[in-house]
Amino acid sequence: MPGIIIAVVATLVISVLVTWVLSNSYHKKVTEGKIGSAEERARKIIDEALKTAEETKREKLLEAKEEALKTRNELEKEVKDRRNEVQRSERRVQQKEENVEKRSEAIEKKEQSLNAREEALNKKSDEVAKLNEQRLQELEKISGLTSEQAKEYLLKIVEDDVKHESAVMIKNMEAEAKEEADKRAKEIVVNAIQRCSADHVSETTISVVQLPNDEMKGRIIGREGRNIRTLETMTGVDLIIDDTPEAVVISGFDPIRREVARIALEKLIVDGRIHPARIEEMVEKAQKEVAAKIKEEGENAAIEAGVHGLHPEVIKILGRMKFRTSYGQNCLKHSVEVAQLCGLLASEFGLDVRVAKRAGLLHDIGKAVDHELEGSHIQLGVDICKKYKESQIVINAVEAHHGDVEPQSLIAILVQAADTISSARPGARRETLETYTSRLKELEEITNSFKGVDHSFAIQAGREVRVMVVPEQVSDADMVLMARDIAKKIEDEMEYPGQIKVNIIRESRATDYAK
């Protein structure tokens, strides 16, 4: 502001001087006479100019001061605002710095803690590794076995434990079954009858006696049914007299009792005298005739199989198998076939043919009495062989022919093979197409229910199932357990003759294309 005022004053002064010089010069030229008046006028002008300049100066100074004051206030306000903003920024920065410092301190503490833990874990890992190494060394010293040998030993123990647990489970299940023997037996018989085809049931549970005429039906029934009641009581079977012309049906699960009733009834029809006393007489004769037939059939079977020196009671028990069937296959014929196959196989291997035939003939002897005594046909067969002093090789072959125990001789293995061959040959055991296809379908459904199974195929008439698994889901080690689990589930949920082989197939493929 002072500079402006000085400039204004200087301008005014210069203007005045210039004006004066010009005026002076002009007046000198026009008239020197007017010099005095011009000087006086100039002085007036200068005074006025000075006065005006002073006023102007004063005004300009006031304006300059006001402008300066206004600018100063604005500057002070702006500076104050900026100072406040800077202070706020400084506070925010300070808070952020404090937070960063706190976080960095916390991170440092965590890092220190993690480092300490890591060091402790490393130390513990080293200590554990050293202890494990020392333990292994001590165990190897104490046991005298290497770690690999110890591993094999432990696996053997686990395998034995699994086998033992399986045996215990089977025994427990058998014990539970025996506790409710009557109830379960009836349910099993009913279920078996419902699931078998009509012709198969007819062959194994009934006999038909032809009559000369329908009047004979009334005589068989007798007054108030006394004749038929006597015959049923004496033989233990049921006589069905229905609308079938000139025929009477004898129904019963015991084939020997059915045979006695059939022979007795045929004798009564031929004799023509049908009353309770005559019925008792004919039943006794039929029983003797059947007993003689049983003995004869046993002797013929022994001769056909080439087995000699059997105990007379064993021959009688063998003869009873003539009237016993398994899935439509006659048990005595089956035993003779197994004996012959065992003899042929034993001769090829250079084994004792006579012992092999004896074991094959007696392997299913328990089936002759399994409907009269409690226990499986295997256990009953072992008991019979022990009772009549058969050799240990024969006893083991009978006990192991379904894999319940380990075979102790090659002959026992031959009996297993011959039993499978005889029961598996086409036509040996008759089943309806519906039963056959149902079993195949059920077998494939069971295998497909396991996780990781891609496809499964029942082959060889349902005696083998091949299971294709997904390699990414089932490892080589898992295959062993899966095969065992599938076999166990098949045993629990299916009914089938012989045995079913479970094959697990795991295939890995790599495919690429040449372009």
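If you're wondering where the values come from, they're calculated on a predicted model, not measured in any experiment.
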**Asked** What do the steps show when you test K293 against E259 for salt bridge (Lys or Arg N to Asp or Glu O under 4.0 Å), and what is the final call?
**Response** CA-CA 11 Å; K293 187 176 181 180; E259 184 68 10; 3.6 Å; yes
What I'd like to find out is whether the side chain of [X] reaches to under 4.5 Å of the side chain of [Y], using heavy atoms alone.
X    : Y    : value
N122 : E118 : yes
T447 : F457 : no
L351 : L414 : yes
M216 : I274 : yes
L380 : I365 : no
V465 : I459 : no
I221 : N227 : no
L239 : V237 : yes

Is [X] salt-bridged to [Y], cutoff N-O under 4.0 Å?
X    : Y    : result
E266 : R262 : yes
K489 : D492 : no
E281 : K267 : no
K124 : E127 : no
R320 : E297 : no

Using the test side chain to side chain donor-acceptor pair (under 3.5 Å), find all partners of [X] that sit at least two apart in sequence or belong to another chain.
X    : answer
R257 : none
S335 : none
N503 : E464

**Request:** For residues 298-313, pull every pair meeting side chain to side chain donor-acceptor pair (under 3.5 Å), keeping only residues two or more places apart or in separate chains.
**Result:** none
If I take atom [atom1] from residue [X] and atom [atom2] from residue [Y], how far apart are they, to the nearest 0.5 angstrom?
X    : Y    : atom1 : atom2 : result
I294 : I317 : CD1   : CD1   : 11.0 Å
L268 : R278 : CG    : CZ    : 7.5 Å
H401 : N396 : NE2   : CG    : 12.0 Å
N448 : S456 : CG    : OG    : 3.5 Å
L231 : I220 : CG    : CD1   : 8.5 Å
H402 : I378 : NE2   : CD1   : 5.0 Å

**Message:** Other residues, nucleotides and ligands only: do more than 12 of their heavy atoms fall within 6.0 Å of CD1 on I269?
**Reply:** yes
**Prompt:** Is H455 atom NE2 crowded by more than 12 heavy atoms from other residues, nucleotides or ligands, each under 6.0 Å away?
**Reply:** no
**Asked** Does anything in residues 221-241 pair up under salt bridge (Lys or Arg N to Asp or Glu O under 4.0 Å), and if so which pairs, sequence neighbours excluded?
**Response** none
On a heavy-atom basis, which atom in [X] and which in [Y] lie closest, and how many Å separate them?
X    : Y    : value
V474 : K451 : CG2-O, 4.3 Å
E390 : I395 : O-CD1, 3.6 Å
G225 : I228 : O-CG2, 3.2 Å
I315 : K295 : CG2-O, 3.8 Å
K367 : C331 : CD-SG, 3.9 Å
A359 : V415 : CB-CG2, 3.9 Å

**Request:** Output all residues satisfying side chain to side chain contact (heavy atoms under 4.5 Å, CB included) with I505, sequence neighbours left out; order by chain, then residue number.
**Result:** R466, M468
**Asked** So, R358 side chain and G309 main chain: donor-acceptor pair closer than 3.5 Å or not?
**Response** yes
**Request:** Go through the steps to decide whether L310 and L361 satisfy the test side-chain contact (heavy atoms from CB on, under 4.5 Å), and finish with yes or no.
**Result:** CA-CA 11 Å; L310 290 175; L361 184 63; 4.0 Å; yes
**Asked** After noting the C-alpha distance and the side-chain angles of H377 and H363, does the key distance pass the ring pair (Phe, Tyr, Trp, His ring centres under 6.0 Å) rule?
**Response** CA-CA 9 Å; H377 77 278; H363 81 285; 8.1 Å; no
**Prompt:** What do the steps show when you test K357 against Q340 for side-chain contact (heavy atoms from CB on, under 4.5 Å), and what is the final call?
**Reply:** CA-CA 6 Å; K357 286 185 175 181; Q340 293 172 342; 5.9 Å; no
**Working for side-chain contact (heavy atoms from CB on, under 4.5 Å), residues F349 and L410** = CA-CA 9 Å; F349 285 98; L410 288 176; 5.7 Å; no
**Prompt:** Checking side-chain contact (heavy atoms from CB on, under 4.5 Å) for the pair Q379/D383: CA distance, chi angles, key distance, verdict?
**Reply:** CA-CA 6 Å; Q379 186 58 48; D383 294 341; 3.1 Å; yes
